[in-house]
Amino acid sequence: MDFELSPQQAEFRDLIREFARRSIAPVAREWELSGRYPAEIVDEMKKMGLFGVLVPDEYGGSAVDAVSYAIVFEEISKAWMGIAGILGSHSLATWMLARYGTPGQRRRWLPGLATGEHRSGIALTEPGAGSDLQGISTVARRDGADYIVNGAKTWITNARHADLLPVLVKTDARAEPRHRGMSLLMIEAGTLGFSVGKDLDKLGYKGTESAEVFFTDCRVPVENLLGGEEGRGLQQALSALEFGRVNIAGRAVGVAQACLDRALDYARQRQAFGRPIADFQAIQLKLADMATEVQAARLLTWWAAAALDAGKRADLETGMAKLYASEICIKASLEAMRIHGGYGYSTEYDVERFYRDAPLMAIGEGTNDILRTVIARRLYRAHDEES
Amino acid sequence: MKIVVTVKQVPDPNSTQALESDNTLARDKEVVLDPGDECGIEEGLQLKEAHGGEVVLVSMGPERARDAIRKGLSMGADRGILITDEKLAGADALLTGRALAAAIKAESPDLVICATESYDGSTGMVPPILAELLGLPQLTFAKKVEVNGTNLKVNRQTADGYMVVEAAMPALITVTAAIAEPRYASLKGIMAARSKEVKQVSLQDLGVDGGGPAETIESVASAETRKAGSIIEDDGNAVDQIVKVLADAKVI
C-alpha cells in the first residue's frame, strides 16, 4: 500500500496549485461577488492544456490518469470551485467522444476541444427529469439524413460558451426497456432551432454559467449521433458520470481543505479571553475532525480514481467518494464559518463563499441520495453472491 | 540561436528561512526554482520562439536541483545540465562562477541569460564573474531585449528610467522581473519534460579545481525592525505639523 503520488502527479499538483494561488485566488472573491466571467483564467487554462485533460495524445490532449484528474479539480477548487465547473462537464464530453465517438467524430471534434478553442458541456437534465434520466422528454425524430429534435434541458453548465453539446434524447420513445430508446446527439451551437436561455441565478457555483437550452424543430445530421448507433446514450452518459463523480469529489475535497486552511489560520491568530482561540478545546475538536474528514475524503477520492485507472466498473467507488467528500465539505464549510464567527458570515472573507459553494457537490452529478441507492444495490448484489 | 539560462534551486520564498551553523542558508526546507530565473527562462523561450534555436538550462546544486531544471524543461526549455559535486558544498560566488563558466563554455551559446541576483544569496556577483570568465560583454538589468541578427539591444533599468545598450553577440545579459511574466507549464509540458535530457557533470568532468570557497561568513545580524510611524492627532494645526515632518525629512 503506497499513498504517495508519482513524481508526475506531484508535478501536476504543484503546477495547478501555483496557478490557483497566482491567477485565481487573488481575483476569486471580487469576481465571484460581481458575477464577472473569468475570461482571463479560461485563457490561461487553455494554454496549460487543461481543456485536453482527458483527450488522448493523438488528438492533442494529455489524457492524464484519473488520480491526476481528481487533483486538478481539488487544487482549482481550493481557490474557486466555479472555475472547476468550466472544465468539469467539458472534460466529460471529451471523454465520451474519445471513448464512444466514431473515428470521424473524434477527428472532427477532439482537436478543437483539447485546446479549449472549442468548448463543451453535457446536456442531460431537464426541467422535469434529473435523477430519473429515463424520464426525459426531449425527442429526436428521424427525418431522412437528419434527426429533428424538440425539447428543453436545464442546469447546463457552460451552455452559453459551448460550441458543441452532447444532448441526451429519446430516439425511440416506445422502446422497452426505456434506455434502449435513448441516444446522445452532438449538437453544435448555431444549429437552427437550438437556443440558450438566460443564465440561472443560483446560491453559489458562480463564475461559470448554468442555463436552460431549447430545441425547436432543431435539425441535426445523423452523423452527429455519438458512436453512430442508437440506443446507447444512457449507458454512454452514465459511464462518463463515473469520471464526473471523481471530479465532483475532487472539488469537494478542495473546498473542504480550503475551509480547514482558513479556519486554522484564523484560530491561531484570533484572540479571545486573552489568548488565541486555537488554545480552546472547543476549537481544537472542530479542527481535528475537519482535518481527519478532509484526509479521509481525499483518500477515498484517490481510491475511486485508481479504480477507474484500473479499468474497473467503479460506480460503487466513485459513488462513495462523491457522497462522502461532498457531505464533509458541507460540514467543513459550516464549521469554518462557526470558527470565524461574524467574520465568516461576511463577504469580506472567503468562508461565506465556500459555504455557498459546498451544497452544489451534494446535488450535482447524481444527488447523494441517488448515489446511496446505487451503493446499496451494489452491496445487495455482493451479499447475494456471498450467500 | 543557442541560449543558455542559468537556474538555481532556492528555499521557497513562501516558507520561513533558517541558517546552518556556518551561517549559510539551511537548504533542507522546501525548495523551488528561483522566481527570478523563471523570468529568465521565459525571456529565453520567447527569444527562441521568435528566432528559433535552443534553450539550455545550466544549474549548480545537489542532486535534487534536478527538480528545478525539470520545472524549466516543463515550461518548454530543451535540455539541462546539472553540475553536482561534493566539493561544491558551500561554494562562494567565484567557485560557482568558475563551475558554471566551464559548463557554459562547452555549449558555445550565442546568449547567456541570468537573473540579476539569486533570491537566496542575493550577491549579484555570479553574472559578472561569468561574463569575465567567458570573455563576453555583459548587459545588466535588462527589462527588454531585442535581437537583430547578431546585434543585441537591451533597455537597461536605472533608478529613474532606462538606458538603451547594445552589443554584438555572443553576450551575457542579466534580466529583471519586469522582463517577462513567466508562463505556466502545461500538462503536456510536464509529461514531455520527463524524457528531456538532464546531463549531470562533476568538477572533474568540467576540468575545474574545487579549491574550496574563498569566502566565509563571519557573522550575521538581523535587519533592523521597522519602527512604528508617528501619529499626528489633529488639534487644529495638524497640517502645519505634517508639513514640518515632511520638510525635516527633506521630502518637500
Side-chain angles (χ1 to χ4, degrees), chain A residues 5-26 40-73 75-76 79 83 87 90-91 94 111 114-116 261 265, chain B residues 7 9-16 29-39 41-43 45-46 48-49 57 59 62-77 80 82 119 177-178 180-198 200:
Chain A
L5 298 177
S6 74
Q8 184 169 288
Q9 288 166 340
E11 282 177 52
F12 287 152
R13 179 200 58 199
D14 293 347
L15 168 67
I16 307 296
R17 188 173 287 177
E18 185 191 348
F19 165 61
R21 183 177 58 76
R22 246 168 65 187
S23 295
I24 304 178
E40 297 86 343
I41 295 174
V42 170
D43 287 344
E44 290 284 4
M45 295 199 296
K46 288 180 186 176
K47 285 188 243 165
M48 294 165 73
L50 294 183
F51 287 93
V53 70
L54 292 183
V55 177
D57 182 56
E58 59 190 300
Y59 302 105
S62 50
V64 305
D65 60 281
V67 175
S68 297
Y69 180 69
I71 289 169
V72 167
F73 285 88
E75 293 299 332
I76 289 175
I83 301 296
L87 294 176
H90 174 98
S91 66
T94 64
T115 59
D261 293 343
D265 280 347
Chain B
V7 299
Q9 192 176 49
V10 297
D12 188 342
N14 296 314
S15 68
T16 49
K29 300 272 174 79
E30 278 292 296
V31 284
V32 297
L33 172 61
D34 192 320
D37 293 340
E38 287 189 32
C39 299
I41 294 169
E42 176 62 39
E43 182 58 24
L45 293 174
Q46 289 185 15
K48 174 190 155 175
E49 282 156 9
L57 307 180
S59 186
E63 174 69 29
R64 70 169 173 170
R66 190 177 287 268
D67 292 342
I69 293 178
R70 185 153 344 264
K71 179 159 187 201
L73 296 178
S74 63
M75 287 170 73
L82 174 63
Y119 163 77
E181 173 78 10
R183 70 192 63 187
Y184 293 110
S186 67
L187 298 180
K188 286 174 91 68
I190 286 175
M191 290 170 153
R194 305 207 77 77
S195 56
K196 289 178 179 171
E197 180 197 48
V198 179
Q200 187 170 324

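Here is how names work: the chains are called A, B, and so on, in the same order as the sequence lines, proteins then strands, and each is numbered from 1. Below, all heavy atoms of this structure are taken into account, side chains as well, without hydrogens, waters or symmetry copies.
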Qualifying residues under side chain to side chain contact (heavy atoms under 4.5 Å, CB included), relative to B:P35, sequence neighbours excluded: B:V10, B:P13, B:Y119
Give me a line-by-line list of donor-acceptor atom pairs from chain B to chain A that are under 3.5 Å apart, or tell me none exist.
from: B:K71; atom 1: NZ; to: A:E18; atom 2: OE1; distance (Å): 2.9
from: B:P182; atom 1: O; to: A:R22; atom 2: NH2; distance (Å): 3.1
from: B:Y184; atom 1: OH; to: A:S23; atom 2: OG; distance (Å): 2.3
from: B:L187; atom 1: N; to: A:M48; atom 2: O; distance (Å): 3.0
from: B:K188; atom 1: NZ; to: A:D57; atom 2: OD1; distance (Å): 3.0
from: B:K188; atom 1: NZ; to: A:G61; atom 2: O; distance (Å): 2.8
from: B:R194; atom 1: NH1; to: A:E11; atom 2: OE2; distance (Å): 2.5

Results of side chain to side chain contact (heavy atoms under 4.5 Å, CB included) for A:A25 - residues two or more places apart only: A:A79
